[in-house]
Visitor: 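Just passing along the structure, written as structure tokens.
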Amino acid sequence: MPFTLATWNINSVRLRAELVARLMREEGPDILCLQECKSPVDKIPVEIFTNLGYTHMVARGQKGYNGVAILSKLPMEEVEAHDFARLGHARHIAGRLENGITIHNFYVPAGGDVADREVNEKFGQKLDYLTEMRDWAHETVPEKSILVGDLNIAPREDDVWSHKQLLKVVSHTPVEVEHLGAAMEAGKWVDVTRQDVPEGQLYSWWSYRARDWDAADKGRRLDHIWATPDISNAAHSSRILRPVRGWDKPSDHAPVLATFDL
């Protein structure tokens with residue numbers, strides 16, 4: 001039975017609960033993975049989502065920052081949650097569907113503003129987090145798994161508005177791309193979005209700083225859907241819901257979706 005999955009950095013699930021509900025009503029993904037929920041789990045407004053059919057949730061939360069949640073119409077049980085790089089942050093949660101598919105929801109650290117771990121602790125934490133993601137995949141050898149989330153890296157030249165101008169900007173530096181590539185290779189993960197849309201500029205994030213984000217279109221593809229090789233061919237219909245970035249009081253990220261025939 002096919003299911004559609006969406007991933008979205010919501011930038012406060014309580015502040016934007018009505019936007020989440022609108023996405024649920026208009027797109028109706030079977031599974032919605034949220035990042036940067038900025039809420040303890042017991043403060044997430046689950047009643048709103050339950051009333052729309054999302055009766056299952058696995059989550060990790062913190063007051064004011066980070067936080068990840070998977071909301072599902074389909075039965076799901078929590079299977080793991082890792083504190084990569086031992087930061088004490090709520091940045092990973094995993095749930096398993098009844099058909100045996102495991103969904104990992106990640107919020108990789110942004111890394112601060114300076115791409116140098118010697119002067120920017122946050123950048124070092126980001127690289128360490130990615131290294132532990134790599135080691136985890138090597139050790140666990142994931143199967144029948146989907147990995148989604150705000151990975152805070154736009155790896156390809158056509159994942160950013162200007163490869164040349166962003167080479168020294170955090171989220172597109174060669175060292176970050178290398179670390180993300182190593183984590184991807186360790187799990188043999190397949191980039192589902194680029195499997196479906198192999199060429200062309202593709203973005204999921206536009207800065208709040210832009211006066212007119214749509215006209216300027218200085219975006220980056222920071223949000224990803226990956227799958228293990230044993231199920232990657234079952235994925236299709238990938239898309240990024242750019243218009244959502246233009247909703248009232250939006251997140252700076254747009255939802256990314258894919259359908260899996262599993």
Side-chain angles (χ1 to χ4, degrees), residues 1-10 23-24 27-37 54 56-60 68-82 84 91-108 129-130 132-134 136-153 155 159 180-198 202 204 221-241 253-262:
M1 184 176 180
F3 63 86
T4 298
L5 177 148
T7 179
W8 191 11
N9 178 317
I10 191 58
L23 183 77
M24 289 172 165
E27 294 292 331
D30 299 288
I31 300 161
L32 175 56
C33 299
L34 300 175
Q35 304 86 38
E36 206 170 355
C37 294
Y54 294 81
H56 303 273
M57 181 180 79
V58 296
R60 284 291 184 276
V68 285
I70 305 176
L71 306 169
S72 179
K73 295 178 179 180
L74 308 174
M76 174 180 289
E77 62 174 357
E78 180 180 324
V79 288
E80 55 188 287
H82 291 294
F84 292 96
R91 294 186 177 273
H92 171 260
I93 189 70
R96 183 171 294 133
L97 301 174
E98 290 182 329
N99 62 2
I101 301 298
T102 299
I103 298 168
H104 293 275
N105 184 14
F106 276 92
Y107 178 40
V108 171
Y129 193 98
L130 292 163
E132 292 204 11
M133 283 180 65
R134 177 201 67 189
W136 160 77
H138 269 308
E139 293 167 5
T140 59
V141 191
E143 297 178 338
K144 295 182 68 177
S145 297
I146 301 168
L147 186 157
V148 308
D150 178 3
L151 305 186
N152 261 313
I153 297 172
D159 287 339
L180 184 69
M184 192 176 195
E185 174 59 29
K188 307 299 181 187
W189 298 103
V190 175
D191 183 341
V192 166
T193 309
R194 281 304 189 181
Q195 178 177 258
D196 280 353
V197 190
L202 203 59
S204 65
R221 187 173 71 103
L222 304 180
D223 305 271
H224 301 265
I225 298 177
W226 297 352
T228 48
D230 51 353
I231 63 171
S232 60
N233 286 341
H236 61 90
S237 303
S238 297
R239 61 198 190 279
I240 297 175
L241 300 183
H253 293 253
V256 182
L257 289 83
T259 298
F260 290 81
D261 292 338
L262 293 167

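All residue numbers refer to positions in the sequence shown, counting from 1. Any value given below was found using the heavy atoms of this structure, including those in side chains, with hydrogens, waters and symmetry copies removed.
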Visitor: Looking at every heavy atom in both N105 and G149, which two are closest together, and how far apart are they?
Guide: OD1-CA, 4.1 Å

Visitor: Who are the side-chain contact (heavy atoms from CB on, under 4.5 Å) partners of M24, not counting sequence neighbours?
Guide: V20, L32, F49, L52, Y54, L71

Visitor: Are L5 and L257 side-chain neighbours, meaning at least one heavy-atom pair lies under 4.5 Å?
Guide: no

Visitor: Are N99 and F260 close enough that some pair of their side-chain heavy atoms sits under 4.5 Å apart?
Guide: no

Visitor: Residues in side chain to side chain donor-acceptor pair (under 3.5 Å) with S232, at least two apart?
Guide: none

Visitor: Does the side chain of S238 pick up a donor-acceptor pair with the side chain of Q195 at under 3.5 Å?
Guide: no

Visitor: Does the side chain of D223 reach to within under 4.5 Å of the side chain of N9, using non-hydrogen atoms?
Guide: yes

Visitor: What salt bridge (charged side-chain N to carboxylate O under 4.0 Å, His left out) pairs are there with at least one residue in residues 92-102, not counting sequence neighbours?
Guide: none

Visitor: In Å, rounded to the nearest 0.5 Å, how long is the span from CG of L147 to CD1 of I225?
Guide: 10.5 Å

Visitor: Decide side chain to side chain contact (heavy atoms under 4.5 Å, CB included) for I231 and I101; before the verdict, give the C-alpha distance in whole Å, the side-chain angles of both, and the deciding distance to 0.1 Å.
Guide: CA-CA 9 Å; I231 63 171; I101 301 298; 4.2 Å; yes

Visitor: Which of these passes side-chain contact (heavy atoms from CB on, under 4.5 Å) with R221: D191, V197, V256?
Guide: D191

Visitor: For residues A235 and V192, report the shortest heavy-atom separation together with the two atoms involved.
Guide: CB-CG1, 3.6 Å

Visitor: Picking from R60, E36, R91, what satisfies side-chain hydrogen bond (donor to acceptor under 3.5 Å, both in side chains) with Y107?
Guide: E36

Visitor: If you look at every heavy atom in D230 and K144, which pair is closest and at what distance?
Guide: OD2-N, 2.8 Å

Visitor: Taking the side chain as every heavy atom from C-beta outward, state whether D150 and V108 have any pair of such atoms under 4.5 Å apart.
Guide: no

Visitor: Looking at every non-hydrogen atom in both residues, tell me the closest pair between P255 and L23 and how far apart they are.
Guide: CG-CD1, 4.0 Å

Visitor: Walk me through it: do E78 and H56 pass the test side chain to side chain contact (heavy atoms under 4.5 Å, CB included)?
Guide: CA-CA 10 Å; E78 180 180 324; H56 303 273; over 6 Å; no

Visitor: Please list, chain by chain and in numerical order, all residues satisfying ring-ring contact (aromatic ring centres under 6.0 Å, His included) with F84, sequence neighbours excluded.
Guide: H82, H92, F106, Y129, W136

Visitor: Is the side chain of H224 donor-acceptor paired with the backbone N or O of I153 at a distance under 3.5 Å, no angle test?
Guide: yes

Visitor: Are the side chains of W226 and V190 in contact, using a 4.5 Å heavy-atom criterion?
Guide: no

Visitor: Before accepting this row, confirm whether a basic side-chain N of the pair D159/R194 lies closer than 4.0 Å to the acidic partner's carboxylate O.
Guide: yes

Visitor: Answer yes or no: is there a side-chain heavy-atom contact under 4.5 Å between M57 and I70?
Guide: no

Visitor: Are T259 and F3 close enough, and set up right, to give a side chain to side chain contact (heavy atoms under 4.5 Å, CB included), and what steps lead you there?
Guide: CA-CA 6 Å; T259 298; F3 63 86; over 6 Å; no

Visitor: Just by distance, do the side chain of D196 and the backbone of S237 share a donor-acceptor pair under 3.5 Å?
Guide: yes

Visitor: Could I get the full list of side-chain contact (heavy atoms from CB on, under 4.5 Å) partners for A183, not counting sequence neighbours?
Guide: M133, R134

Visitor: How close do L241 and A254 get, heavy atom to heavy atom, and via which atoms?
Guide: O-CB, 3.4 Å

Visitor: Show your working on side chain to side chain contact (heavy atoms under 4.5 Å, CB included) between Q35 and T7 and close with a plain yes or no.
Guide: CA-CA 8 Å; Q35 304 86 38; T7 179; 2.9 Å; yes

Visitor: State, with a plain yes or no, whether a side-chain heavy atom of V148 is found less than 4.5 Å away from one of H104.
Guide: no

Visitor: Given N152, which partner from the list L180, L222, L130 fulfils the side-chain contact (heavy atoms from CB on, under 4.5 Å) test?
Guide: L222

Visitor: Excluding sequence neighbours, so at least two apart, what forms salt bridge (charged side-chain N to carboxylate O under 4.0 Å, His left out) with E143?
Guide: none

Visitor: Give me the atom names and distance for the closest heavy-atom approach of C33 to I103.
Guide: SG-CG2, 3.9 Å

Visitor: Determine whether P229 and W189 make a side-chain contact, defined as any pair of heavy atoms from C-beta on separated by less than 4.5 Å.
Guide: no

